[in-house]
Asks: 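First the structure, which I've put down as structure tokens, then a few questions once you've had a look.
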There are 2 protein chains.
Amino acid sequence: MTPEPQRPLRADAERNRQLIMRTAERLIARRGPAVTLNEIARAAGVGVGTVYRRFPDLQALIDALFTERFTTFLRLAAAAGQHVDPAQALRQYLLDAAQWRSEDRALDTILAHAGTDTKPIARMRDELGRHVDGLVRAAVTAGAVREDFASADVYAFLHMIGAVADRTHDIAPGAWRRYAEVLLLGFGLQRSPAAHTSAMTEEQIRRTWPEPATRRSADPGRAGRA
Amino acid sequence: MTPEPQRPLRADAERNRQLIMRTAERLIARRGPAVTLNEIARAAGVGVGTVYRRFPDLQALIDALFTERFTTFLRLAAAAGQHVDPAQALRQYLLDAAQWRSEDRALDTILAHAGTDTKPIARMRDELGRHVDGLVRAAVTAGAVREDFASADVYAFLHMIGAVADRTHDIAPGAWRRYAEVLLLGFGLQRSPAAHTSAMTEEQIRRTWPEPATRRSADPGRAGRA
DNA sequence: TCCTAAGCGGATCAATTTATCCACTTAGTG
DNA sequence: CACTAAGTGGATAAATTGATCCGCTTAGGA
């Protein structure tokens, strides 16, 4: 609930808060939303009480992580916006975000389980929306993408790349780039099939299908909370 | 474990087995891997004992559902193979599988959580692999796709479409088609940008980002069991 | 240095989940 | 129809999880 406490935390408390969040990330990356606050406390080497005092429940912890993540999206969008060439700008945002998405193994769970109805989050979402919209509009106007390209395509792009990245991370780490390239081509944001980012080997495919998993968390883990 | 009992089940038992599986699908589609066998029993209107006798645990139930699903993949691949035109064949498999993937809301969870090490499943996987390989090789030979197109791209395609479909199902049901088209274009399996399958509206985007979710199931729900 | 508000940790309890067991019912063969 | 192997359901034991509470410790201002 409380996004940021008014009185700053005592130094040790703040340290613990960070420790808890970093530990939670690690655990979430490994086990998905099935993690437990008690479990996180143990892994972080602090008492359960310490965790529960700072984060009433797992939801609150995930929301906090979500806010951090969202900030990163904003930063990337702003950075990309610096480019003078609209095509470059859009391409950079897509690729930077994709790269980050492919590296942060906790991101999917965090995005999927964050509560999204709080005021500050709504504000950040609007801001990101504006940034992305700007990038997209500029690129379309400049004729650098197919003319029906829209913001939705940016989000879809990231979801798609994320799906591939999550399933190939341990097997063929760079594999997502191939699909990023294919999508950019399909969107008309890139012309030629680019340097061969080759497909995966037989064995790599086998290990991707179906992908590993953990129980707990509507991983289709979807639906439910909404 | 037991994939198919040797002595056929008594009629009423078989009926209950089906009832349980159909109920489980519904519940999994709605709540992801967070479902409980007791919960399924209640929803199916049978006793817990009945469920546990047939399926020792949730894993067994999911494995059974997985086998059914895999059979469907095989059927689609075989059907697509009938086409004389290799381009048509590959395209049909991709689109049929994608459509099905977008409709079966339980599929992602089932694929993500199935145990994959059993003999019969390995056999089915090999068979599907051969089918898909055949489709891909024929299309490449015919020059209907970019020459570095590989089987891995087929699986990646489905993961990517699945990601979009799962997140837009309730909001913009046909949205996945747009991205299927973009991917086909990017893979060189299709030439022109096709009839405008337009992007989503502002409001639709907002509701997709981030998407709804349920706890439990490493949805990131990933990693863990492997 | 002293004092106290703030923080800490983990024993402990409530709630939920998982899974078993067994007295009762029923399909379906002879 | 009668008999029995097969199946049924749900009360309940065991295990796991979620969350609180409170006596002890400590940061950091006066």
Side-chain angles (χ1 to χ4, degrees), chain A residues 1-2 4-24 27-28 30-64 113 115 214-219 221 224-225, chain B residues 1-2 4-21 23-24 27-28 30-64 113 115 214-218 221 224-225:
Chain A
M1 288 290 105
T2 325
E4 218 57 34
Q6 28 294 75
R7 192 162 324 187
L9 291 177
R10 221 170 71 177
D12 57 341
E14 178 58 31
R15 221 157 31 233
N16 272 332
R17 200 181 113 95
Q18 288 302 321
L19 176 60
I20 291 165
M21 288 176 70
R22 300 297 75 89
T23 305
L27 257 46
I28 288 175
R30 186 154 1 116
R31 317 220 305 106
V35 287
T36 276
L37 285 192
N38 288 38
E39 193 181 349
I40 291 169
R42 199 164 356 99
V46 304
V48 247
T50 303
V51 173
Y52 275 92
R53 186 168 336 94
R54 216 53 70 198
F55 306 100
D57 53 23
L58 187 62
Q59 183 66 60
L61 176 47
I62 288 184
D63 286 355
H113 293 82
T214 305
R215 283 197 67 233
R216 198 178 244 245
S217 144
D219 180 20
R225 276 194 54 256
Chain B
M1 289 292 106
T2 325
E4 217 59 34
Q6 29 295 74
R7 193 163 321 189
L9 291 176
R10 221 170 72 176
D12 56 341
E14 178 56 33
R15 220 157 33 231
N16 272 333
R17 200 182 113 96
Q18 287 302 321
L19 176 61
I20 291 166
M21 288 176 71
T23 304
L27 256 46
I28 288 175
R30 185 151 4 114
R31 315 219 307 106
V35 287
T36 277
L37 285 191
N38 289 39
E39 193 181 347
I40 291 169
R42 197 162 1 97
V46 304
V48 246
T50 303
V51 173
Y52 275 92
R53 187 168 336 94
R54 217 53 72 197
F55 306 99
D57 53 22
L58 187 61
Q59 185 64 62
L61 176 47
I62 288 183
D63 285 356
H113 294 82
T214 305
R215 283 199 68 234
R216 198 176 244 247
S217 142
R225 275 194 51 255

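Atom set for the values below is all heavy atoms of this structure, side chains included, hydrogens, waters and symmetry mates excluded. Since the model is a prediction, treat every value here as computed from it, not as a measurement. We name chains A, B, ... by the order of the sequence lines, and we start the count at 1 in each one.
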Asks: Quick check for you: among C:dG7, D:dG28, D:dA11, whose closest atom lies nearest to any side-chain atom of A:Ala11?
Replies: D:dG28
Asks: Taking atom C1' of C:dT17 as reference, at what distance in whole Å does atom CZ of B:Arg31 sit?
Replies: 12 Å
Asks: Rounded to whole angstroms, how far apart are CZ on A:Arg15 and P on D:dA27?
Replies: 8 Å
Asks: Output yes when at least one side-chain N/O atom of A:Asn16 is less than 4.0 Å from OP1 or OP2 of C:dC8, else no.
Replies: yes
Asks: Start at the 5' end of DNA chain C and walk down; is the nucleotide closest to A:Gly49 or to B:Val48 reached first?
Replies: A:Gly49
Asks: Given side chains that start at C-beta, do those of A:Ile40 and A:Leu61 come closer than 4.5 Å, heavy atoms only?
Replies: yes
Asks: Could you state the atom-to-atom distance from CD of B:Glu39 to C1' of D:dG10 in whole Å?
Replies: 17 Å
Asks: Roughly, in whole Å, what's the span from CZ in A:Arg42 to C1' in C:dG9?
Replies: 14 Å
Asks: Given atom CZ of A:Phe55 and atom P of C:dG7, what is their separation to the nearest angstrom?
Replies: 13 Å
Asks: Picking from C:dC8, C:dG10, C:dG7, which would you name as closest to the side chain of A:Thr50?
Replies: C:dC8
Asks: Would you mind telling me which of D:dG7, C:dG7, C:dA19 lies closest to the side-chain atoms of A:Arg54?
Replies: C:dG7
Asks: Which listed nucleotide (C:dA27, C:dG10, D:dT8) is nearest to the side chain of B:Ala13?
Replies: D:dT8
Asks: Figure out the CD1/P separation between A:Ile20 and C:dG7, and round it to whole Å.
Replies: 12 Å
Asks: What is the distance, to the nearest angstrom, from the CZ atom on A:Arg10 to the C1' atom on C:dC8?
Replies: 9 Å
Asks: With a 4.5 Å cut-off on side-chain heavy atoms, are B:Leu9 and B:Arg54 touching?
Replies: yes
Asks: Can you check the A:Tyr52 OH to C:dC13 C1' distance for me, whole Å?
Replies: 13 Å
Asks: Indicate, with a heavy-atom threshold strictly under 4.0 Å, whether A:Asn38 touches base, sugar-phosphate, or nothing.
Replies: base
Asks: Do B:Val51 and B:Val46 come within less than 4.5 Å of each other through their side chains, counting heavy atoms only?
Replies: yes
Asks: Is there a donor-acceptor pair under 3.5 Å between the side chain of B:Glu39 and the backbone N or O of B:Ala24?
Replies: no
Asks: Under 4.0 Å between a side-chain N or O of A:Thr36 and OP1 or OP2 of D:dT17?
Replies: no
Asks: Under 4.0 Å from OP1 or OP2 of C:dC8: is there any side-chain N or O of A:Arg53 that close?
Replies: yes
Asks: Could you check whether any side-chain heavy atom of A:Gln18 comes within less than 4.5 Å of a side-chain heavy atom of A:Arg15, counting everything from C-beta outward?
Replies: no
